[in-house]
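Protein chains get the first letters and strands the later ones, always in sequence-line order, with residue 1 at the start of each. Remember, predicted model here, so these are calculated numbers, not experimental data.
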There are 2 protein chains.
Amino acid sequence: MAISERKKKILAAVVDAYIRTAEPVGSKAIAESAGLGCSSATIRNELAELVAMGYLEQPHTSAGRVPTPMGYRMYVNELMDQQRLSIEESEDLNRRLNQKLQELDDTISDVSRLASQLTDYPAMALTTREAVTIVRFDLIYVDANTFIIVVMLSDHTVRNKLVRLPISVDEKMIRKLSTLFNANFTHIGEDAITPVLINSTERSADDTMGITAVISSFVIEVLSSSAAPSAFVSGENRLLNQPEFRDPDKAHRLMSYLSGGGHILPEGGLFPDSNEVRVLIGPENVAEELKDSSVVIASYDAGDNTRGLIGVVGPTRMDYSAVAAKLRFLADGLSRRLGGGEAPPEGMHNKLIIKGDTNNE
Amino acid sequence: MAISERKKKILAAVVDAYIRTAEPVGSKAIAESAGLGCSSATIRNELAELVAMGYLEQPHTSAGRVPTPMGYRMYVNELMDQQRLSIEESEDLNRRLNQKLQELDDTISDVSRLASQLTDYPAMALTTREAVTIVRFDLIYVDANTFIIVVMLSDHTVRNKLVRLPISVDEKMIRKLSTLFNANFTHIGEDAITPVLINSTERSADDTMGITAVISSFVIEVLSSSAAPSAFVSGENRLLNQPEFRDPDKAHRLMSYLSGGGHILPEGGLFPDSNEVRVLIGPENVAEELKDSSVVIASYDAGDNTRGLIGVVGPTRMDYSAVAAKLRFLADGLSRRLGGGEAPPEGMHNKLIIKGDTNNE
DNA sequence: GTTGGCACTCTCCCTTTACGAGTGCTAATA
DNA sequence: TATTAGCACTCGTAAAGGGAGAGTGCCAAC
């Protein structure tokens, strides 16, 4: 059955009111607020039909209406006025973002904290990197027992480690090792670092003291930790702001889930395109713990084959419009700062494109 | 008035039972549990006196007794059996600790996470460092637009930064700058880095492209971030396990306080000595938000003029004995791994020394 | 198709009641 | 003098009752 224009308006009014008040919405309130010139009785008829169509439900017979996940979905896809940030807001955001400019690895926790502060919901941030390789190797001789390993990675980050040896090495040996590692260990993946390679390098260097092994294990550590996606969740406690989480058990369940950050990853398959904000409403979420919460995610381009994701978790009664706008802004800002060239110019407000699972209706 | 032996036993029994059950303790329960051969009526008389003395209180006339902060204090100082960890527990702890061996800066979050997991309370970890200086400077030339700054600090950590320039530099310039910075910027504090120094270095290097400024600002960033104590709180959500935080508002208040981590610092003044675990009970805490919670803290020696602190927050009805033992173990383990030489040998169980504000009675 | 009216059905909140755990006191006992 | 048994009393909690109010569904009129 097609949904009439008036039904849409009424549905939107219900969702809007429910988002604001967290209480079932009655026909009278709608008649007064939404500017369609008809009485509460008419609204009641329409509401009954919206319930029959599955967009709304009643907690019990004589209560007002509450949107179903399907109702929210309709609202998100078609009805909500796609909120833009005001000039002041976006300036404020820009300022805060500019303060955070550091390496991406520091930023990921900041990003999630920022998203959480901004939206007043718990937020998570994560990045997945494509496999990196080492592009450059330097060993810095400090003293007879100490040297520093510095490696530059294909994603233009730099890692270092201070090595202290129980025995003495001379500067020549360090230089030799540096040359060898530059020749043998750059531009290869973690799986190419075999015992065979390590042994042959050790022999070439005349290294009888196991220095090669130390350096090799650092290489492996760097390559494997860079490949692993990192996640960060913050502001879990903001859940308690929401009336639907006044039940400590419910709140606790979700918070524990969120604290265990990594679990969000499996859903990483559905990375939204840049410029798109994805909304997952209640049962649309894969994770059992999220079945009655909603998640809004946006992704950003962190440059060098790295994509980042920022997400916000809240009750299904979430201010989708505001949250989506803020996330979009944040993601854009991050893309612009961290990412490749083709990011949109500073200050431009992108048209918001919001998508989600539309195939379940 | 002096407190008799029997009163002590009864008080201990009340605290023990209350820690276990979170419910006011009645005379009958004590008569049965504590092995002193007397009836509940006798216990009642004693209880009445303990109330008069301020060690216990009654929520209302016909309820059991609950320890007051003063009661807990007595318990912690004199009564509780100072729990040792079982062999299995300490082996498990050792294993987990060994896995976490990395740089201190990575570890601080791990430490707090570990402490939280271990105790099932929210935990925080923080370190204060003495001012560090740079002891060694290296600039690595990568290509005409790129070089890497590597600095080694007096605390034996190494920091690096990749610098990309809009203009070209040659290798000679980089070498010159490296020498100059090594000469002028090592072994000095942040406040010694004045515009005058930067300008003179810039002139000496014939640097017309502002590279000196870039490097200088990195130096300042490193020195200031190393001086700033860093804090980390985790497991806030475990608060919700405790029945006293079933009230979402109460839980939220404390959790927000904890999330804002830094606030704990002002109390840093009371760093416990190593080998001592400090317990702060309810009103003994300075922070308003902690007035009806308890904090257990231990400190460890992280080497190089750095002291770390691990703390656990919970309701006043906290299992002080178990928590103190675990924190002591953790702190010892960390001192041994990170710290100076005179740490106790591996595997030894230290005598627990527990102290606190005893001057308020 | 829309509206006013009205009986009906819920939940929410307040009060009442009953119950039981635990006390305080007193008088008896060792 | 310290301990104990007994008993009346207190108070909080949980279950049960009882409006009040918000909101519905339906019907008959427009």
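Rounded to a whole Å, the CD atom of B/Glu57 is 17 Å from the C1' atom of C/dG22. With rounding to whole Å, B/Glu49 atom CD is found 15 Å from C/dT23 atom P. Separating the CZ atom of B/Arg6 from the P atom of D/dT4 is a distance of 8 Å, rounded to the nearest angstrom. Computed from coordinates, the A/Ile43 CD1 to D/dC26 C1' distance equals 17 Å when rounded to whole Å. Atom CZ in B/Arg65 sits roughly 15 Å away from atom P in D/dG12 (whole-Å rounding). Atom-to-atom, CG of A/Asn45 to C1' of C/dT2 comes out at 8 Å; the value is rounded to the nearest Å. One interatomic measurement links the two molecules: CD1 of B/Ile10 to P of C/dT23, which rounds to 12 Å at whole-angstrom precision. Taking atom NE2 on A/His60 and atom C1' on C/dC12, their separation rounds to 9 Å, with Å as the unit.
In terms of phosphate contacts, B/Ser62 brings no side-chain nitrogen or oxygen within less than 4.0 Å of OP1 or OP2 of D/dC11. At least one side-chain nitrogen or oxygen of A/Ser27 sits closer than 4.0 Å to the OP1 or OP2 atom of D/dT24. For D/dG25, one of the phosphate oxygens OP1 or OP2 lies less than 4.0 angstrom from a side-chain nitrogen or oxygen of A/Gln58. Distances shown here put every side-chain N or O of A/Thr61 at or beyond 4.0 Å from the OP1 or OP2 atom of D/dT24.
Using a 4.0 Å heavy-atom cutoff across all strands shown, B/Ala41 reaches at least one base atom of the nucleic acid.
Separation of atoms OG (B/Ser293) and CD1 (B/Ile281) is listed at 12.0 Å; rounding is to 0.5 Å. From B/Met124, atom CE reaches atom CG of B/Leu309 across 6.5 Å, with rounding to the nearest 0.5 Å.
Side-chain contact, B/Ser294 with B/Thr316: no donor N or O sits under 3.5 Å from an acceptor N or O. Checked by atom type, the side-chain pair B/Gln242/B/Arg317 shows a donor-acceptor distance below 3.5 Å.
Remark: B/Lys250 engages B/Asp292 in a salt bridge, criterion side-chain N to carboxylate O under 4.0 Å.
Minimum atom distance to the side chain of A/Thr42 is reached by C/dT2, of the listed C/dT2, D/dT4, D/dT10. Picking from D/dT24, D/dT4, D/dT3 the nucleotide with the shortest atom distance to the side chain of A/Arg44 gives D/dT24. Residue B/Leu47 has its side chain nearest to C/dT23 when only C/dT23, D/dT3, C/dT11 are considered.
In terms of position on DNA chain D, the residue among A/Ala48 and B/Ser39 whose nearest nucleotide sits closer to the 5' end is B/Ser39.
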